[in-house]
Every structure is written in structure tokens, then in C-alpha cells.
Amino acid sequence: MYRTITCGELTKKNIDETVTLSGWVQIARNLGGMTFIDLRDRYGITQLAFNLDWDKALCEEARKIGREWVIQIEGAVIERESKNPEMITGDIEVKVSKLTILNQSITPPFPINTDTDVNEELRMKYRYLDLRNNTLRQKLELRHRISIAIRSYLNNLNFIEVETPVLIKSTPEGARDFVIPSRINQGQFYALPQSPQIFKQLLMVGGFDKYFQIVKCFRDEDLRADRQPEFTQIDCEMSFVEQQDVLQTFEGMIRNIFKYTLNVDFPNFPKMTYADAMKYYGNDKPDTRFDMKFVELKNPLSDTSTLYKSSLQPFSVFEQAESVIGICATGAAHYTRKQLDELTEFVKQPKLGASGLVYFRYAEDGTIKSSVDKFFSEADLKNWSQAFNSKPGDLILILAGPKEKTQKALSELRLEMGSKLGLRKKNVFAPLWIVDFPLLEWNEGDTNLLASLAGRWHSKHHPFTSPLMSDVQLLKSNPAEVRANAYDMVINGVEVGGGSIRIHDKILQNQIFETLGFTKEETQNQFGFLLNAFEYGAPPHGGIAFGFDRLCSLIGGVDSIRDFIAFPKNNMGRDMMMDSPSNISEEQLNELKIKLSN
RNA sequence: GGUUUGGUAGCUCAGCUGGUUAGAGCGCCGCCCUGUCACGGCGGAGGUCGCGGGUUCGAAUCCCGUCCAGACCGCCA
């Protein structure tokens, strides 16, 4: 037997027991007459003691052992002469009577379980060593606990987990597909699923009224800290449900996960419309850990306000702007000129592209000082400060320009200010639902999108998303105004999940395809099997999918999802450890009848 | 495809405006050390300064190109 107990559990109450332990050598401390070895496994560290006086040969044997060797020992648990209160096992040590070297190790390229930062590239290349680190192990353990919480919650509600195929058919909607050549069907390709969307709807037709799956999905798009080409979704679908049923069920699931992993309780999740999210946060996934809502001084649509008007001399920047909006940074009036210049640089960076930043300080003494004193009187500024509901000590930041661009820039500025003011704490969670998304989006011809998709409507989700029944009559007259019966769950500015009630009515479905500009042929070719299935009595249904990796990283308080994936890919979609993707042999190419062009 | 930061010893990094033999801490190797737990002491080895070209009497340092990595934009639910 390799072990009778693990390295993390021996305490005072085990004294005098004889135990067998196996594990890795974290470090050996050689003091001359005696040697201590910290033995590590998944569960913890136990100190092993060797002494020349106890057993000379054994002690000398122990001196030869290096870091990360795998050893097995047998010995008696004894009380330590000098204890270590920092360790769970710090009161005891094992007086080794038998030592077996199970395997040696060459010196690892980086230390395990020390505080030194190691380059991610190196950690990726030696992922199996990095996995020995506590931090990475704890993250994967958290992931496991979350998956247990999900399965148990859904199982209790009668959901069943069904596996769906991975080799499926390419459909042009959404992201790029990963494709797999077929050897038996020359010249044809499978696609890897971007999500099991169609299968879960077919399962509804098949009568599995509550389905879920924790499942790998694939998208051939560029990577980010929170985006991998293969990632895991918690994919769910239910029959005979309305939006409220889905929201309630999965709000419950998230509540359950947070209770189980972090012992955090949530009140009911607020619901916010997409329109409000854009109006108040400039963003469809607002971070609501802090307030700092947008205030409109000028709005192209509802322009009853004249707040942007100057009483001294016209301020052309505001006069000419489509939109003038600002935020109130509570308690930031003490910002220095230098700090404000930095904020100006922040909004001017190319990706945000604002042309400048207007600010005014509402000082503690009640005076108001702005960057546009030439144009606006004290009375103007007082009006503003009322509109912003600001108090002495606050800083108001205002952007002007084209509506969408300005919204986006102010949204980023809001998040930046939230971070600077310490309002985005990792251990505070603000979940909410965003509802009533637009159903359709107009594709401009000038984007670098597929030419075939330009100059027509496309669905913001997928083409089976139901419109709100109240908006159906707008499909012909004003497609842009049609809202979807769709919902996203957002926590701390992270979109953790999204879904919709699906269309189960053939007439409505055809109407949508028509609006999207699909011909009957295209529809039949791409989605025929689903539409055929719908001819045989599709129940009303809807569902949701959560980004499992993102949910884990959110709960773990980390921005990158990579450490919650045992073997992730790098920025370029490469696996640094096995060095994939890689070339394949001539024979393999020939079998597939594939020729590479240059 | 774009923007940006970086690449110097096994690891983390310093090396300013060009100037003898490129440094530190950790790790590694050797010797010493009987209560350490970031053990300690003494000594030692270890470098194509990512790669290629250019400027210069002289390049880790300046310029051009290129490769690699990270973050972000485009893209992506």
C-alpha cells in the first residue's frame, strides 16, 4: 500500500500512530545532523524528520533527495520539538523509519508553490508542473464544486443531462466554425458545435422537457483573457415555459452556486431593459456594483432639455454634438490636474476615440470650478450639478459626440472611475437580468463582414429567438424596434449567461426568415431538419446557456478564465505544451484528398 | 487585420543619454552546520542580451525588419 493517509490531515491526535505517506518533495532542509523534508500531495504538506542519531544510513539517504522527487515513507507520528502554527500539520512530524524513492525528478524549470511570478508561457509549457501549485489546484477544485452544485440543483428539479454530438453541420450564423474534414465523405466537412442549440431544441420536440448539459463548445475566433476557442457551457432548455419560468429556475441555480461555494446570499435579481442599460450605463452588461449612472444633458431623441446650452457664449462642442452625457464620480473632486489629464488621455485613446473630456469639480466648500468656465456661468453649472444630483466633493465628467461612440467611451470611463475609486470589489457581487434586447440588427455594407450578410437584417441572437408578442406587428414596418423575448444574466459587468424563449410557431418562424432575407431554399438547406421536426408538434420552449469558465473565474475573483481550464490555449490558439495545432503527414492529407495551397 | 507592452543566466528582474571582462536575488553544484520550516555560512558553475540586417572606432543600449509572448480593438454570446 502506497499510503495510509494523505499529507494534509495529520494532527496532534495522530501522535504515536504509524503511517505510510506518498508524495512529492516540496523541499529538503539539511541541517547537518538532521534533515527535514516537506512532503506534498493534493491535500497538504507534512514534515518528515530524519536524524543521524536515529538512523545514520537513512538520514544520509534522505540528504540525496531533490525537489519534486516522488517518495514513499513509513514512520511514526511524533510531536514537534518546535511547532509551526502556520501549518495545519504544524504540530507534528513523521519520524521516518523506511524510505522508498518511487521516482526521481530533474530540477523543475520553475519553483512550485512559491510566491514568485512565473511567465505564463513557461507555466503553459509545463502545465503538469503548474498544476501542482496550490493556486491552480484550488481553482480547478472550485470548478469541480461548481459543477457539482449545478448538477445537484438541476437534478433535483428533474432536469436530465443528455450528451449531444460534437461532429455536426456547419451553419453560417454567428461565429466561425471549426471544421473537420471527412475521410469517408470526400470533400465534405463536419463542423464542431458553437453550442448544442439545435439539438436541445430537438430534445424538446423529443419530449425531454427539462434538459441540461455541461458541454464543450467551439468557436474559431480570436482569443481574449476570457475567451478560448474551446470552452464550456452550461446548456439548458425547458418546455412549456415562459420567460419568467426560465429566469426563476436559473436565478435559483446561480443563487445555489454562490451559496454553496462562497456562502453568499442574493436577494431577487433586478431586471433591467436593454434600453435602460444603454441609457444609464452605455453598455448591455453593466457593472452594477456601483451607481454612477449616465445623465443626459442632450439627447437626440428626447431633447426637451436645454442643459447643454451655454448662457455666456455658445459652446460649439456641445452645440454640434449628437449626444452630451456625463457621470458623477462621488467624492472625486480632489482629483488633481494631472489626474484629470490622465482621464482625458484615457478617453482619447484610439479604441475609445473621444475628442476630449469636460469636467467640473463641485468642491467641498461649495464652489464649482470647470474646464469650460469661459462658456458656462455659475448658474449653468449649478443646474448641471442638480441634474447629476451631485454634492460638494463630487467630480462630474462629461463627454460629447456621436451617440454610440460617446456612450461606449463614457461606459469605459465609468468603469475606470469605478476601479479608481475602489467600487469594484472582487468579493461583492451584483447580479441582474437584462431583458428586451433588440431582435434584429442592421448590417452596414462597410463592415468587414461577409459580403453576403451586408445590407440586410440579421438576428442578434439566433434565428429561433422569439420576438416579444407585443412587437410582432412591427416586424414588417419597423424591424429595428422589435424586441426579443431574450435575456442575459450579468454579474459585475460580466455576461455570465444568456438565452431566449424560442419560436415554435411555423408561421412566425417563416416571417422571421423572410425578414432576415433567407430564401425558402436557404432556410430548408440550413435548418430544414429542425423545421421539419417542428412540423410534428413542437412544444413551447425556451432556455439559457451559461459560460461555465467565466462563471468560475467570476466566483474565483480572477479576470482570466485560463487558470480554470486544466489545459488552456494561448493567445494564438496554440497549446504550448503539446505544440498544437501542427502539420499532418502527406498520407493523412492524401486520405482526406486535401491539397494545401500556398 | 490593427493598437500597445515586453523578450538579458533555469526563474524574477536591473543594466540611464552607446564605452573595458553584462549584474542582483532566488534556483543549481560543492563543502560546513542537530530543530529547520523563505533555515543559515563559505565557495563555484551558469549568458549567441529572441533572431537578421544597418548606423558607429565601438551596440544589450540607437535605427529597420522579423519571430515569439501578454493585454486590448476589430471579431466573438
Side-chain angles (χ1 to χ4, degrees), chain A residues 26-40 45-54 56 59 63 66-68 78-87 89-91 93 95 106-126 129 173-177 194-195 197 217-229 231 233 235 284-285 349-353 408 412 434 437 441 447-450 459-462 465 484 486-490 494-500 544-547 549-550 559-560 562 570-572 574 576:
Chain A
Q26 168 76 26
I27 196 164
R29 285 181 296 277
N30 192 337
L31 274 69
M34 55 194 317
T35 292
F36 298 105
I37 287 178
D38 285 349
L39 190 67
R40 183 191 68 237
I45 285 178
T46 295
Q47 176 166 286
L48 313 177
F50 300 83
N51 195 312
L52 277 181
D53 293 342
W54 300 340
K56 188 153 184 272
C59 194
R63 285 182 165 207
R67 284 160 58 212
E68 301 306 320
I78 59 172
E79 185 161 11
R80 283 202 203 181
E81 215 165 281
S82 45
K83 301 185 172 46
N84 184 344
E86 313 263 299
M87 294 173 74
T89 60
D91 286 341
E93 63 195 1
K95 180 179 176 180
I106 56 175
T107 304
F110 55 84
I112 313 289
N113 274 342
T114 61
D115 290 334
T116 39
D117 282 345
V118 179
N119 182 347
E120 190 159 11
E121 187 183 356
L122 199 72
R123 290 175 42 210
M124 292 278 204
K125 187 168 175 193
Y126 297 93
L129 293 180
E173 201 70 23
R176 262 182 223 103
D177 283 320
Q194 298 181 23
S195 84
Q197 181 63 34
C217 300
F218 306 87
R219 287 181 190 150
D220 188 7
E221 296 293 346
D222 286 5
L223 290 80
R224 288 287 187 281
D226 63 347
R227 253 162 47 192
Q228 287 271 305
F231 61 99
Q233 277 193 349
D235 191 52
D284 63 0
K285 42 181 203 296
Q349 62 180 302
K351 66 168 182 170
L352 300 184
K408 189 185 167 191
E412 292 296 325
I434 305 292
F437 284 84
E441 206 172 43
T447 60
N448 48 0
L449 214 63
L450 291 172
S459 65
K460 221 167 144 66
H461 297 71
H462 51 74
T465 302
Y487 31 80
D488 276 2
M489 184 187 287
V490 174
V494 177
E495 181 204 325
V496 295
S500 64
I544 191 165
F546 292 89
D549 314 285
R550 270 186 205 176
D559 289 329
S560 171
R562 288 186 194 166
N570 79 355
N571 233 6
M572 291 295 288
R574 299 201 68 86
M576 302 288 283

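A, B, ... follow the sequence lines: proteins, then strands. Residue 1 opens every chain. From a predicted model like this one, the values you see are computed outputs, not experimental measurements.
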_Using the side chain to side chain contact (heavy atoms under 4.5 Å, CB included) definition, which of the options A:Asn30, A:Leu31, A:Leu48 pairs with A:Phe36?_
A:Leu31

*What integer number of Å spans the P atoms of B:rG10 and B:rC64?*
30 Å

*Go through B:rC76, B:rA69, B:rG27 for me and flag the one nearest to the A:Arg67 side chain.*
B:rG27

*May I have the distance from A:Asn570 (atom CG) to B:rA71 (atom C1'), rounded to whole angstrom?*
13 Å

*Across all strands, who's sitting opposite B:rU4 as a Watson-Crick or G-U wobble pair, both distances under 3.5 Å?*
B:rG70

_Strictly by Watson-Crick or wobble contacts shorter than 3.5 Å, is anything paired with B:rG52, and which nucleotide is it?_
B:rC64

*In whole Å, what is the span from the CD atom of A:Glu68 to the P atom of B:rG10?*
19 Å

*Could you walk me through whether A:Gln47 and A:Thr89 pass the side chain to side chain contact (heavy atoms under 4.5 Å, CB included) check?*
CA-CA 8 Å; A:Gln47 176 166 286; A:Thr89 60; over 6 Å; no

_Suppose you measure atom C1' in B:rU20 against the same atom in B:rC26; what distance do you get, rounded to whole Å?_
29 Å

*asked:* Mind checking if A:Arg562 touches a base, just sugar-phosphate, or nothing, with heavy atoms under 4.0 Å?
replied: sugar-phosphate

*NA contact type, A:Arg80, heavy-atom cut-off 4.0 Å: base, sugar-phosphate, or nothing?*
base

*Identify the nucleotide, in any strand shown, that forms a Watson-Crick or G-U wobble pair with B:rC28, with both distances under 3.5 Å; if there is none, say none.*
B:rG44

_Between B:rG54 and B:rC73 - P atom distance, rounded Å_ = 40 Å

*So what's B:rG18 paired with, Watson-Crick or G-U wobble, going by both distances under 3.5 Å?*
none

*So does A:Lys83 have more than 12 non-hydrogen atoms from other groups sitting under 6.0 Å from NZ?*
yes

*A:Arg219 side chain: which of B:rC76, B:rC73, B:rA71 is closest?*
B:rC76

*When only distance counts, do a donor and an acceptor, one from the side chain of A:Arg227 and one from the base of B:rC76, lie under 3.5 Å apart?*
yes

*asked:* Please check this pair: side chain of A:Arg550 against backbone of A:Val496, looking for a donor-acceptor N/O pair closer than 3.5 Å.
replied: no

_Less than 4.5 Å apart, side chain to side chain, heavy atoms only: is that true for A:Pro109 and A:Leu129?_
yes

*B:rU36 pyrimidine/purine six-ring stacking with A:Phe36, under 5.5 Å and 30°*: yes

*Side chain of A:Thr107: nearest nucleotide among B:rG70, B:rC28, B:rU36?*
B:rC28

*Please give, in whole Å, the distance from B:rU12 P to A:Arg123 CZ?*
11 Å

*Value in whole Å for how far the P atom of B:rG70 lies from CE of A:Met124*: 7 Å

*asked:* Applying a 4.0 Å non-hydrogen cut-off, can you work out what A:Pro111 is touching in the nucleic acid: base, sugar-phosphate, or nothing?
replied: nothing

_Within the 4.0 Å heavy-atom criterion, would you say A:Ile27 contacts the bases, only the backbone, or no part of the nucleic acid?_
sugar-phosphate

*When the P atoms of B:rU4 and B:rC37 are considered, how many whole Å apart are they?*
49 Å

*With the threshold set at 4.0 Å, does a side-chain nitrogen-carboxylate oxygen contact exist between A:Glu79 and A:Lys95?*
no

*Assign A:Glu81 to base, sugar-phosphate, or nothing according to its heavy-atom contacts below 4.0 angstrom with the strands shown.*
base

Quick test: give all pairs of protein nitrogen or oxygen and nucleotides 32-34 of chain B nitrogen or oxygen below 3.5 Å, distance rounded to 0.1 Å.
unit_1, atom_1, unit_2, atom_2, d
B:rC33, N3, A:Asn30, O, 3.3
B:rC33, N3, A:Gly32, N, 3.4
B:rU34, OP2, A:Gly33, N, 3.1
B:rU34, O2, A:Asn51, ND2, 3.0
B:rU34, N3, A:Asn51, OD1, 2.9
B:rU34, N3, A:Asp53, OD2, 3.3
B:rU34, O4, A:Asp53, OD1, 2.4
B:rU34, O4, A:Asp53, OD2, 2.7

*Between A:Asn84 (CG) and B:rC39 (P), how many Å, whole number?*
11 Å

*For nucleotides B:rC32 and B:rC13, find the distance between their P atoms and express it as a whole number of Å.*
36 Å

_Interatomic distance, A:Phe110 CZ vs B:rC11 C1' [rounded to whole Å]_ = 10 Å

_Using the side-chain heavy atoms of A:Asp222, tell me which of these nucleotides is nearest: B:rC72, B:rA77, B:rG74._
B:rG74

*Distance between the C1' atoms of B:rU3 and B:rA77, in whole angstroms?*
25 Å

*Between A:Asp226 (CG) and B:rA71 (P), how many Å, whole number?*
10 Å

*Does OP1 or OP2 of B:rU36 have a side-chain N or O of A:Arg29 closer than 4.0 Å?*
no

*Identify whether the distance between the nearest side-chain nitrogen and carboxylate oxygen of A:Arg227 and A:Asp222 falls below 4.0 Å.*
no

*Using a heavy-atom cut-off of under 4.0 Å over every strand shown, decide if A:Glu93 touches base, sugar-phosphate, or nothing.*
base

_I want to check one thing: is the phosphate of B:rA69, taken as OP1 and OP2, less than 4.0 Å away from some side-chain N or O of A:Asn571?_
no

*For the side chain of A:Gln47, counting heavy atoms from C-beta on, which of B:rG35, B:rA77, B:rC11 is nearest?*
B:rG35

*For residues A:Asp549 and A:Gln228, determine if any side-chain heavy atom of one lies less than 4.5 Å from a side-chain heavy atom of the other.*
no

*asked:* Quick check for you: to the nearest 0.5 Å, what is the distance between A:Arg562 atom CZ and A:Arg123 atom CZ?
replied: 10.5 Å

*Does a side-chain N or O from A:Arg224 land closer than 4.0 Å to OP1 or OP2 of B:rC73, or not?*
yes

_Partner nucleotide, any strand, of B:rU36 [Watson-Crick/G-U, under 3.5 Å]_ = none

*Kindly indicate whether the side chain of A:Met87, heavy atoms from C-beta on, has any atom under 4.5 Å from the side chain of A:Ile45.*
yes

*So what does A:Lys408 hit on the nucleic acid, given a heavy-atom distance under 4.0 Å: a base, only sugar-phosphate, or nothing?*
sugar-phosphate

_From CG of A:Leu122 over to P of B:rU12, roughly how many Å is that when rounded to an integer?_
6 Å

*asked:* Mind checking if A:Gln349 touches a base, just sugar-phosphate, or nothing, with heavy atoms under 4.0 Å?
replied: nothing

*Does the side chain of A:Lys285 reach to within under 4.5 Å of the side chain of A:Val494, using non-hydrogen atoms?*
no

*Which one is paired to B:rG23, where only Watson-Crick or G-U wobble pairs with both distances under 3.5 angstrom count?*
B:rC13

